[in-house]
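Scroll down for the structure; my scribbles are underneath it.
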2 protein chains.
Amino acid sequence: MKYSHKLSDAVHILTFVEICKDGDPSSNTIASSVESNPSLVRRLMSLLVKANLLTSQPGKVATKLARPAETITLLDVYQAIEDNQQLLHVDEKTNPRCIVGGNIQDTLNVVYDHVQQAAENSMNQVTLQAIIDDILVRNASK
Amino acid sequence: MKYSHKLSDAVHILTFVEICKDGDPSSNTIASSVESNPSLVRRLMSLLVKANLLTSQPGKVATKLARPAETITLLDVYQAIEDNQQLLHVDEKTNPRCIVGGNIQDTLNVVYDHVQQAAENSMNQVTLQAIIDDILVRNASK
DNA sequence: TTAACTTGTTATTAACATAGTAACAGTAAA
DNA sequence: TTTACTGTTACTATGTTAATAACAAGTTAA
């Protein structure tokens, strides 16, 4: 798919768990909010648990944030979800016998790393709490 | 593809045209440096011409940069090549009747715009000339 | 003019990542 | 025991990109 929603859906899950913490944070309920299916949600939740952003108990509907929403950033979620964390990718198959083909990979890797750093810095400045607050404000002003 | 090489290949083309400007900038020659095929290269070149980064003449091997490499940035190439210019994408199919699903799209769009801006600022600071210089330095130190 | 080459474009196929779905073992609780 | 949930795996469907082929139109040289 051109438009990967994994990050957005993962943020959605975390947000839902916190905002509806007195409700029913089952994968079925969350899936109906994401308008996806429970299995997909569970797969993402599994990654979030492994990254220590969520806690859960097998067989029980007991999902909670593993730590306060103020301490979770968008970057945390990004790194938990995206197995390939690079936004830009070099072409790894260029002709090594050409001046350009033989060096451009290293050159672009450095450049792309800077772009990545800039994007990640931006992601690191957004907390889950800020996202939650914004959602609540938007909801209140409807 | 998970790893799109379009941007890298486009930079490769521009770099090749400039570095090998006294040589043969035909799509065949460039394709052998990119280790891709001439048709793919021509398609990318077509986009670069439309974006006023390259000039060419039908039927003639006469491809050149449309303007000095100092005035072309990675962002220019990115915007010329990537039809969808967003690096991150919101899930546009969330449940509007849920507090979270009904507001998270707007919330994330703002957040993602900031990330995009940070990435594009970084891309805008890299000129094609800087990339060319780096390639030449790397090549000289081999 | 012809022949060989190029660009620019379109169409088709192949490769592959992601979304969606189904299934099932294991756990918890009534 | 029955029900419901989690966590995981496998499979299918969908959609994007890479790769390839083909061809009209322009250029150059013989």
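In what follows, chains carry the letters A, B, and so on, assigned in the order in which the sequence lines appear, proteins first and then strands, with residues in each chain numbered from 1.
At least one side-chain heavy atom of B:V34 sits under 4.5 Å from a side-chain heavy atom of B:I30.
One finds the CD1 atom of A:I72 at 5.0 Å from the CG atom of A:L53 (value rounded to the nearest 0.5 Å).
Heavy atoms of A:S27 sit under 4.0 angstrom from primed sugar atoms or phosphate atoms, though from no base atom.
Computed from C1' positions of five pairs at each end, the angle between the two local axes of the helix from C:dT1-D:dA30 to C:dA30-D:dT1 equals 0°, rounded to 10 degrees.
When each of D:dT20, C:dG8, C:dG20 is scored by its nearest atom to the side-chain atoms of B:S56, the top-ranked nucleotide is C:dG8. The nucleotide whose nearest atom lies closest to any side-chain atom of B:V61 is, among D:dT8, C:dT7, C:dG20, C:dT7. Distance from the side chain of B:L40 is smallest for D:dT20 among the nucleotides D:dT20, C:dG20, D:dC5.
Between B:S4 and D:dT16 there is no side-chain N or O to OP1 or OP2 distance below 4.0 Å. An OP1 or OP2 oxygen of D:dA18 is reached within less than 4.0 angstrom by no side-chain nitrogen or oxygen of B:K6. In this model, the phosphate group of D:dC5 is not approached by any side-chain N or O of A:S26 to a distance below 4.0 Å at OP1 or OP2. Regarding contacts with the backbone of D:dA18, every side-chain N or O of B:S36 stays at 4.0 angstrom or more from both OP1 and OP2. Phosphate proximity of C:dT7 to B:S46: absent, as no side-chain N or O sits under 4.0 Å from OP1 or OP2. Between A:K60 and C:dG26, a side-chain N or O to OP1/OP2 separation shorter than 4.0 Å is absent. Note on B:N37: every side-chain N or O is 4.0 Å or more away from OP1 and OP2 of D:dA18.
The pair A:K6-A:D83 counts as a salt bridge, with a side-chain nitrogen and a carboxylate oxygen less than 4.0 angstrom apart.
For the residue pair A:T29 and A:S32, no side-chain donor N or O sits within less than 3.5 Å of a side-chain acceptor on the partner.
For B:S39 against D:dA21, a side-chain N or O and a base N or O form a donor-acceptor pair under 3.5 Å.
Both B:P58 and B:E82 lie close to DNA chain D; mapped to their nearest nucleotides by heavy-atom distance, the more 5′-ward contact belongs to B:E82.
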